[in-house]
Undergrad: 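Sending over a structure as structure tokens; questions will come in a sec.
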Amino acid sequence: MTDKQQSLRYIQQLEGNVKGGTLIDFGAGPTIYHLLSACEVFDNIITSDFLEQNRTQLKKWLRKDSEALDWTHVIKFVCELEGNRENYEKKAEMLRSKVKEVLQCDALKRNPFDPIVLQPADCLLTCLCLEAPCEDIKSFCNVLKNFKDLIQPGGHLLILSVLDATFYYVGDRYFSSMTTRKEELEEAFREAGYEIEKAVYAPRNEKSRMDICDYKGFYYIHARKPN
Ligand SMILES: C[S@@+](CC[C@H](N)C(=O)[O-])C[C@H]1O[C@@H](n2cnc3c(N)ncnc32)[C@H](O)[C@@H]1O
């Protein structure tokens with residue numbers, strides 16, 4: 001299994017442990033891969049990103065625009081993980097029907113959806129995002145604290161991201177990355193006031209493209225806001 005396939009498997013496992021009315025997806029970029037299992041267990045999904053061009057891509061996929069990114073191979077793979085490969089078109093339709101909004105978000109704002117005030121959701125999911133805006137573990141912890149107003153008491157926070165990265169490229173654009181260290185990560189969740197349900201760490205297996213992104217591993221954390 002490739003690292004990407006393994007991430008999809010971990011996301012499917014994490015999302016298999018939660019369900020509810022509303023899921024907030026934070027910092028989706030132009031992508032939907034992380035919502036393919038979630039759409040089976042949540043009634044409504046609010047997705048979001050900081051950049052307008054990413055939100056535009058998301059909206060293109062939602063309205064089946066001919067210029068939308070093609071996620072077919074990823075949808076087929078997730079259906080296969082779920083034991084239902086032949087139903088990949090239904091899965092895409094289900095996800096489209098569950099996504100109710102595509103909002104702008106900014107992790108560094110006290111209310112990341114300002115000026116919109118969202119009802120607290122059953123779950124907040126964020127993948128490969130917080131290392132972009134956060135400078136260090138202190139600002140990461142601060143974002144986790146601000147997320148608490150977006151999550152109901154007893155609700156879930158699911159975070160998938162990378163460990164020990166310092167940079168990544170998108171095309172020829174260089175972005176710096178917060179260097180998330182395993183040793184300080186769980187403490188940041190606890191300091192922000194969450195209970196950790198599950199923490200999984202996995203090494204990076206494919207080292208061939210270290211020039212594009214130098215992360216060394218992945219983390220998958222399922223935490224809960226206390227009741
Ligand atoms: C490495 S990309 C990951 C995108 C996507 N979640 C994925 O898994 O491929 C980092 C994302 O963080 C977003 N981002 C950058 N600054 C942000 C901020 N202040 N608040 C929220 N998201 C931000 C970017 O727009 C981008 O979509």
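Atoms within each ligand, like the ligands themselves, are counted from 1 in listed order.
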Undergrad: Are more than 12 heavy atoms from other residues, nucleotides or ligands located less than 6.0 Å from atom CZ of Arg63?
TA: yes

Undergrad: Name the closest protein heavy atom to atom 2 (S) of ligand 1, giving the residue it belongs to and the distance to 0.1 Å.
TA: Leu128 O, 3.7 Å

Undergrad: Is the gap between the ring centers of Phe147 and Phe26 under 6.0 Å?
TA: yes

Undergrad: For atom 8 (O) of ligand 1, what is the nearest protein heavy atom, given as residue, atom name and distance?
TA: Tyr33 OH, 2.4 Å

Undergrad: Which atom names give the shortest non-hydrogen contact between Leu150 and Ile24, and what distance separates them?
TA: O-CD1, 3.7 Å

Undergrad: For Leu51, counting its heavy atoms only, list the atoms of ligand 1 lying under 4.0 Å from any of them.
TA: 25 (O)

Undergrad: How close does the nearest protein non-hydrogen atom get to atom 5 (C) of ligand 1, and which residue and atom is it?
TA: Ala28 O, 3.1 Å

Undergrad: For Phe26 and ligand 1, answer yes if some heavy atom of the residue is under 4.0 Å from a ligand atom, otherwise no.
TA: yes

Undergrad: What atoms in ligand 1 come closer than 4.0 Å to a heavy atom of Cys127?
TA: 5 (C), 6 (N), 8 (O)

Undergrad: So for atom CD, which belongs to Gln119, do other residues, nucleotides or ligands contribute more than 12 heavy atoms lying within a distance under 6.0 Å?
TA: no

Undergrad: Of all the atoms in ligand 1, which lie at a distance below 4.0 Å from a heavy atom belonging to Asp106?
TA: 18 (C), 19 (N), 20 (N)

Undergrad: How close does the nearest protein non-hydrogen atom get to atom 23 (C) of ligand 1, and which residue and atom is it?
TA: Phe50 CB, 3.4 Å

Undergrad: Please list, in number order, the atoms of ligand 1 under 4.0 Å from a heavy atom of Asn54.
TA: 25 (O), 27 (O)

Undergrad: Enumerate the atoms of ligand 1 whose separation from the nearest heavy atom of Asp49 is less than 4.0 angstrom.
TA: 13 (C), 24 (C), 25 (O), 26 (C), 27 (O)

Undergrad: Do other residues, nucleotides or ligands put more than 12 heavy atoms under 6.0 Å from the NZ atom of Lys59?
TA: yes

Undergrad: Could you give me the CA-CA distance, side-chain angles and deciding distance for Arg96 and Glu93, then say whether salt bridge (charged side-chain N to carboxylate O under 4.0 Å, His left out) is met?
TA: CA-CA 5 Å; Arg96 287 189 174 99; Glu93 282 320 300; 3.0 Å; yes

Undergrad: How long is the straight-line distance from OH of Tyr215 back to CG of Leu128, given to the nearest 0.5 Å?
TA: 8.5 Å

Undergrad: With heavy atoms of Gly27 as the reference, note each atom of ligand 1 found under 4.0 Å away.
TA: 4 (C), 5 (C), 6 (N)

Undergrad: Suppose I only count heavy atoms of Gly29 and a 4.0 Å limit; which atoms of ligand 1 are within that range?
TA: 4 (C), 5 (C), 27 (O)

Undergrad: At under 4.0 Å between heavy atoms, is it the side chain or the backbone of Phe175 that contacts ligand 1, or both, or neither?
TA: neither

Undergrad: What do you reckon, is NZ of Lys100 surrounded by more than 12 foreign heavy atoms closer than 6.0 Å?
TA: yes

Undergrad: Which of the listed options, Cys129, Ala107, Ala165, holds the heavy atom that is closest to atom 22 (N) of ligand 1?
TA: Cys129

Undergrad: Where the side chain of Lys148 meets the backbone of Ala192, is there a donor-acceptor pair that is under 3.5 Å apart?
TA: yes

Undergrad: Can you name the atoms of ligand 1, numbered from 1 with element, that are less than 4.0 Å from a heavy atom of Thr31?
TA: 5 (C), 7 (C), 9 (O)

Undergrad: Do other residues, nucleotides or ligands put more than 12 heavy atoms under 6.0 Å from Lys216 NZ?
TA: yes

